[in-house]
Number of protein chains: 2
Amino acid sequence: MAPRKRVSHSLENVVEATIDLLDESGEGALTFRALATRLGGGVGSIYWYVSSREELLDRATDEVMGRVLAETDALVDGPDPIGNVRAVSLAMFEEMVRRPWLGNYLMRNTSVQTNSIRIFERLGQQLMTLDLSPKQRFHAVSSIISYVVGVAVDMAQPPPREFFESGLEPAEFMKAFADGWRAFDADEFPFIHQIVDEFERHDDVDVFRSGLDMLLAGLRQQAGA
Amino acid sequence: MAPRKRVSHSLENVVEATIDLLDESGEGALTFRALATRLGGGVGSIYWYVSSREELLDRATDEVMGRVLAETDALVDGPDPIGNVRAVSLAMFEEMVRRPWLGNYLMRNTSVQTNSIRIFERLGQQLMTLDLSPKQRFHAVSSIISYVVGVAVDMAQPPPREFFESGLEPAEFMKAFADGWRAFDADEFPFIHQIVDEFERHDDVDVFRSGLDMLLAGLRQQAGA
DNA sequence: GCGGATTATCGAACAGTGTTCTATTGTTTC
DNA sequence: GAAACAATAGAACACTGTTCGATAATCCGC
């Protein structure tokens with residue numbers, strides 16, 4: 001059999017390679033040329049399966065959200081609906097910590113991203129047993145998702161270039177950064193001084209969980225439970 | 001006097017023109033060439049004042065945040081600290097609705113963006129009279145800011161291209177979009193069906209305010225007030 | 001088996017981007 | 001006035017997403 005002169009792709013292949021590229025080297029590394037090289041083919045071929053870079057990212061996002069959906073299937077049967085919402089939110093957030101590129105493209109093009117709607121539905125269903133108006137439910141789910149995605153996007157931001165230039169360990173750089181805060185005038189920035197120690201040793205997930213619990217406490221209160 | 005053959009710039013000019021360009025045509029329109037044209041000069045000159053596009057956006061963001069800071073000066077003297085936090089958050093959010101480009105670059109490079117730290121400080125000071133640990137305060141302020149920015153970024157996303165292609169009025173397009181949701185299977189998507197009417201006529205600021213109040217209710221509860 | 005139509009692959013070419021570089025102009029300083 | 005310096009200007013570079021036409025592989029009716 002003569003060796004193939006051409007590679008053969010598929011939408012699954014392309015999306016898979018896209019996700020791998022994003023996972024390994026971040027969003028900046030996702031170029032059509034890099035993707036083509038990884039697939040062993042030419043640049044133009046990708047456009048057969050996908051009509052733009054944006055669609056590429058949408059499809060990758062939707063695929064990952066599908067997996068999140070599958071993984072959170074079991075988290076939704078607990079007795080406390082708000083607890084279930086909390087569990088799903090945490091799982092979502094953790095996925096976005098693992099994949100810093102994810103947050104930026106979530107909740108974008110809902111016509112392609114079917115699985116985002118399913119997450120929305122899943123969270124909303126939990127609130128259907130609570131004593132809330134449809135409007136309150138809609139607001140609550142929207143806010144929770146915005147919070148989850150917002151914090152994840154915030155925290156996914158790559159460290160400033162000064163970090164790479166310094167060659168410091170993360171903890172050392174954090175210390176240096178906190179010291180910069182400590183150098184602020186104590187009278188003008190009393191709050192900064194009060195929390196700078198917490199800031200220096202904080203864990204992103206803790207902060208996220210803390211805010212999520214505030215949000216859910218407010219929701220619980222609203223539901224009169 | 002012979003006419004000048006060259007334009008004369010300044011950092012203030014450059015940042016000003018940057019903000020104007022961003023306000024008028026969004027982030028995509030901010031190119032060095034467009035900016036140079038607007039300033040009436042050459043591309044290279046901009047690099048005399050600024051070392052990258054990122055710094056340009058940082059400076060523009062910081063400038064706008066300075067104005068927000070000034071405008072919220074009077075919002076912070078009310079008797080209820082959490083009410084004050086609410087007022088400042090709302091003002092921030094409204095600024096980000098006016099300037100959809102703002103959110104994406106907020107809380108990025110804090111070494112340049114001095115005014116972002118000042119906002120952080122301002123919100124934090126309000127919590128200093130409440131019965132909370134420094135860690136709780138730090139978490140609370142971080143979460144609130146993440147929420148504000150997160151929701152703003154979500155809502156600042158430009159409408160899908162289908163909107164422009166359709167030529168519909170915003171309300172009409174919203175109706176068409178909602179109808180898409182209504183077409184989903186009612187058994188599989190009960191929540192979607194329950195809130196689709198709210199979704200169709202919802203106001204972004206209402207949703208934001210609702211979530212903010214949930215968050216602040218949780219905070220109030222945490223402070224034992 | 002054959003031939004035409006369809007599907008898919010490929011890479012050169014295009015327009016646009018941020019950034020670098022060097023020549024040039026204007027201004028200051030002595 | 002002349003040398004030193006501060007600013008301006010735009011051509012050139014490397015890189016990007018996207019378009020396009022040429023080509024290869026496959027399929028389908030005969």
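Quick note on labels: first sequence line is chain A, next is B, and so on, each numbered from 1.
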- So does B:Y47 get a side-chain nitrogen or oxygen closer than 4.0 Å to the phosphate oxygens (OP1/OP2) of C:dG18? no

Q. For A:S45 and C:dA8, is the shortest distance between a side-chain N/O and OP1 or OP2 below 4.0 Å?
A.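 Answer no for this pair, as no side-chain N or O of A:S45 is under 4.0 Å from OP1 or OP2.
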
Within residues 29-41 of chain B, the residues having a heavy atom closer than 4.0 Å to DNA chain D are B:R33, B:G41

Take the protein atom [atom1] of [X] and the nucleotide atom [atom2] of [N], then report the distance between them rounded to whole Å.
X	N	atom1	atom2	result
A:R53	C:dT17	CZ	C1'	13 Å
A:E27	D:dT16	CD	C1'	13 Å
A:L21	D:dG17	CG	P	11 Å
B:L56	C:dT19	CG	C1'	13 Å
A:L57	D:dT16	CG	P	15 Å

With [X], which residues qualify under salt bridge (Lys or Arg N to Asp or Glu O under 4.0 Å), at least two apart?
X	value
A:R38	A:E24
A:E27	A:R53
B:D197	B:R182

By the salt bridge (charged side-chain N to carboxylate O under 4.0 Å, His left out) test, which pairs, at least two apart or in different chains, include something from residues 184-194 of chain B?
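Residue pairs passing salt bridge (charged side-chain N to carboxylate O under 4.0 Å, His left out), neighbours aside: A:R118-B:E188.
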
Exercise for review: Please tell me which of A:W48 and A:V43 maps to the more 5' nucleotide of DNA chain C, matching each residue to the nucleotide holding its nearest heavy atom.
Suggested key: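 Final value for this comparison: A:W48.
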
**Asked** Listed by chain and number, what are the side chain to side chain donor-acceptor pair (under 3.5 Å) partners of A:D23, not counting sequence neighbours?
**Response**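 With sequence neighbours excluded, A:D23 shows a side chain to side chain donor-acceptor pair (under 3.5 Å) to A:R99, A:W101, given in chain and number order.
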
task = Please check if the distance between the ring centroids of A:F184 and A:H193 is under 6.0 Å.
result = no

